[in-house]
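Read the structure below first, then the notes.
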Amino acid sequence: MNVIIAYLETMFSAYPARPRLLEAKAELQTMMEDAYHGYIAAGQSENEAVGRVITEFGNLDELAPVLGITNEIAPQTAADAAAEPASPVYAPLTVAEATGFAEAHHRTRFKLAIGVALFVLSPITLLLLSVAADNGLVRLSSGGAAAIGLSALFVLIAGGVLLMISISRDFSRYERIQQRRFSHSAEVTAWAEALTQQHDRRRLTALQFAIACWVLSPVPLLALALTNEGAPLEDFWSVLGVALVLVLVATGLLILLPHTWARTVYETVTGPTDRAGRKGHRGGDDDSSVISVIAPIYWPLAVVIYLGWSFIWDAWDISWLVWPIAGLLFGALAGGIGAWEHRRRVMRR
Amino acid sequence: MISADAIRGYIDLMILSLLRERPSYAYELAQQISAVTGDAYAIKQTTLYSAVKRLETGGFVTSYAGTSDSGKPRTYYQITASGQNTLSTKVQEWQDTKAVVDRFIDGINEGVAP
């Protein structure tokens, strides 16, 4: 509902607050609220209802003759034309498509978070079992411990990959949005701004908690390593500390990722689009849909690096470093590029 | 799907004919219109609002503050005598228009399954 009000505010923000305009805004808001509650009562999701109401809103230009604001509306259409200088090669994004895209992000937000967390947590069993076997804490040979640990690693990675595949299935209908094959439309932009405004507070809170987790993640490792220096099970405690680092990194991701969907949608639908003659060419402008575009490539790549490093150089004792680093990097990308992209867009205006 | 341009001239007729039955508010009008048109035409809220305001300015409808069935305050629109006359004129005009256009397109769709 807040998205609808924010949308209306955005649409009317260009005009002076005259009594006739305020009256029109109030009555249109009532119409939109009625329609919204009607769709909700008919069993639609909040995103679908908001999308339909905004699709059915129409165009303020139509009100111009009635409200006597013809001269005031004209500059905005001129500004719109200036903002979109290249002739649109692709059909403009519709609110229906954009809300469907947002709905898919919203639906898959936990899958994404769990999938990424599974990747980060995947080496834990291997680490703990290996060191426990070496220290005689479990009745397993080193080889047996490695076999079980590796199996667990592959199971968790397979789980993560399956989740990513399932997410990509949810997005199959929105391929043209993900590949930026659309041109911007004012109503989708206004809708996306309203959507992200509504959810940004929660995202920032989640980001703070996640950053706290990541900053604190080395603490158990340091504490366990320092307090057990020279103790009989020194290396076990250190590896346990490493496992706790991974748990904290994964916790941070689990807190943050379910809250980044609205921002991701906003960045995707308002971000740079693929322009004429650039099919398949991905320039520096096309790197902003962080999570949806990077995640499916990023994590399998991390797995490849991890396994390659571990097997080829027999570096199982150190190669786990890939996971905390990859986790931190991903979190930083998800949180940081959003802010950077936003600032860059603002400066460009 | 009928384009917004094709139907524009007849929005007033649609609204006046609905208000002939009883006074109504904007959202209810929108619902009644979509109930009649189905998938053939989806009216935009700004189209409906500007049509109602145009009719009000022309004196074909008047507005008053009322309360909807759900108990919420709504601006109701009511057809005036002048609106009734305009509706009759517009209905006649539409029938004439339809008849004239039909004379041109007569036979175009012959052989095409209805």
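Every value quoted in this text rests on a predicted model; they were computed, and no experiment measured them. We name chains A, B, ... by the order of the sequence lines, and we start the count at 1 in each one.
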More than 12 heavy atoms of other residues, nucleotides or ligands under 6.0 Å from CZ of A/R202: is that the case? no

Given that the side chain runs from C-beta out, which part of A/A26 has a heavy atom under 4.5 Å from chain B: side chain, backbone, both or neither?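 When you check distances to chain B, no heavy atom of A/A26 falls under 4.5 Å.
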
Dump the table of donor-acceptor contacts under 3.5 Å between chain A and chain B, or return none if there are none.
residue, atom, partner, partner atom, Å
A/E23, OE2, B/K53, NZ, 3.1
A/E27, OE1, B/Y77, OH, 2.9
A/E27, OE2, B/Y77, OH, 2.7
A/D34, OD1, B/R74, NH2, 2.5
A/D34, OD2, B/R74, NE, 2.9
A/D34, OD2, B/R74, NH2, 3.3
A/T55, O, B/K44, NZ, 2.6
A/E56, O, B/Q45, N, 2.7
A/F57, O, B/Q45, N, 3.3
A/F57, O, B/T46, N, 2.9
A/F57, O, B/T46, OG1, 3.1
A/N59, N, B/T46, OG1, 2.9
A/N59, O, B/T46, OG1, 3.4
A/E62, OE1, B/T46, OG1, 2.9
A/E62, OE1, B/T47, N, 3.3
A/E62, OE1, B/T47, OG1, 2.9
A/E62, OE2, B/T47, OG1, 2.8

